[in-house]
Amino acid sequence: MAIPHPRDIQLAVVEWLDERYPFTKAVDEALYQRVPNFANAFYYCFGGMVFILIVLQLLTGILLALYYVPDASGTPAPAYTSVNFIQSTVFLGWLIRGTHFWGANLLIIMVILHMARVYWTGSYRAPRELNWIVGVTMFLLILAFSLTGYLLPWDTKAYFATEVTIKLAGSLPPVQLGTFIKEILQGGAVVGPPTLQRFFTIHVFLLPALIVLLMYIHFRFIRAHGISEPM
Ligand code: HEM
């Protein structure tokens with residue numbers, strides 16, 4: 001029997017899949033789109049760079065989570081020692097942690113540049129108002145990522161910085177709302193092990209799920225509207 005050419009096997013597999021669901025059409029629609037000439041200006045790439053940075057944060061975050069221990073009980077706390085272990089012992093741990101740290105900083109700068117571009121070209125106006133609102137929500141989520149991530153190393157700086165941010169959130173008016181947010185975030189009378197557990201959960205489960213969902217909506221909107229014409 002003649003051995004089939006790899007290309008024929010590939011075609012047969014694609015055909016088999018396409019008979020069950022139009023995958024080829026879906027991939028074509030997702031990947032191929034004419035981009036207008038005016039979008040060649042360098043500042044139109046900021047949104048794409050934000051996307052690449054978020055993917056990098058997700059990948060390096062998953063690698064960090066392989067060794068990080070979200071436990072603040074005892075002295076020294078496993079959270080603190082696990083970060084030291086990543087930094088000094090794990091193969092390329094210093095690089096993964098450094099990339100996650102600097103990626104987070106660069107991300108904030110790029111999101112602000114992207115927002116400035118959208119504002120500068122007046123792209124927040126009709127019919128793109130909803131996408132602007134989705135954008136602002138993602139910006140707030142990114143700030144929440146920074147805030148929750150800052151506590152995770154569980155060192156003195158992280159502890160006291162978080163104490164201040166929780167106090168600030170706790171003083172939000174009306175009093176009941178402020179107190180409620182403080183209690184939810186802190187999980188006890190003072191910043192302690194339950195706070196770390198909560199910040200970790202928000203940082204690695206809640207926020208990534210929300211941002212991936214909102215990015216999907218953001219991109220669907222962009223596809224629906226097309227890139228806005230320069231003013
Ligand atoms: C997770 C963060 C974000 C990602 C991954 C992202 C990604 C993108 C991409 C790839 C584009 C296509 C054009 C371009 O790159 O300039 C775009 C357009 C747009 N973005 Fe974002 N963006 C994010 C955050 C934001 C924020 C914070 C705002 C505003 C508050 C915003 C508002 C918009 C609007 C209104 C458009 C349409 C612009 C036009 O049609 O010219 N985005 N975004």
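Both counts, for ligands and for their atoms, begin at 1 and track the order of listing.
Looking at H114 and atom 21 (Fe) of ligand 1 together, the shortest N, O or S contact belongs to NE2.
In this structure, Y124 has no heavy atom closer than 4.0 Å to ligand 1. Judged by the shortest distance from any of its heavy atoms, H225 lies outside the 4.0 Å radius around the atoms of ligand 1.
Polar contact check, Y43 against ligand 1: no nitrogen or oxygen pair lies under 3.5 Å apart.
No part of T121 comes within 4.0 Å of ligand 1, judged by heavy-atom distances. In I54, the part holding a heavy atom less than 4.0 Å from any atom of ligand 1 is the side chain.
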Exercise for review: Please report the C-alpha distance between H218 and L214 in whole Å, then the side-chain angles of each, then the deciding distance to 0.1 Å, and finally whether the side-chain contact (heavy atoms from CB on, under 4.5 Å) criterion is met.
Suggested key: CA-CA 6 Å; H218 199 56; L214 287 183; over 6 Å; no

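Atom numbering of ligand 1 starts at 1 in the shown order; those under 4.0 Å from a heavy atom of I227 are 12 (C), 13 (C), 40 (O), 41 (O). Numbered from 1 in the order shown, with element, the atoms of ligand 1 that lie under 4.0 Å from a heavy atom of S123 read 35 (C), 38 (C), 39 (C), 41 (O). Contact atoms of ligand 1 toward M115: 26 (C), 27 (C), 28 (C), 29 (C), 30 (C) (distance under 4.0 Å to a heavy atom of the residue).
Residue W132 holds the heavy atom nearest to atom 29 (C) of ligand 1 of all those in F46, F139, Y44, W132. Heavy-atom proximity to atom 3 (C) of ligand 1, evaluated over T137, V50, L214, is greatest for V50.
Using modelled atom types, one finds a donor on one side chain and an acceptor on the other under 3.5 Å when comparing R117 with S123.
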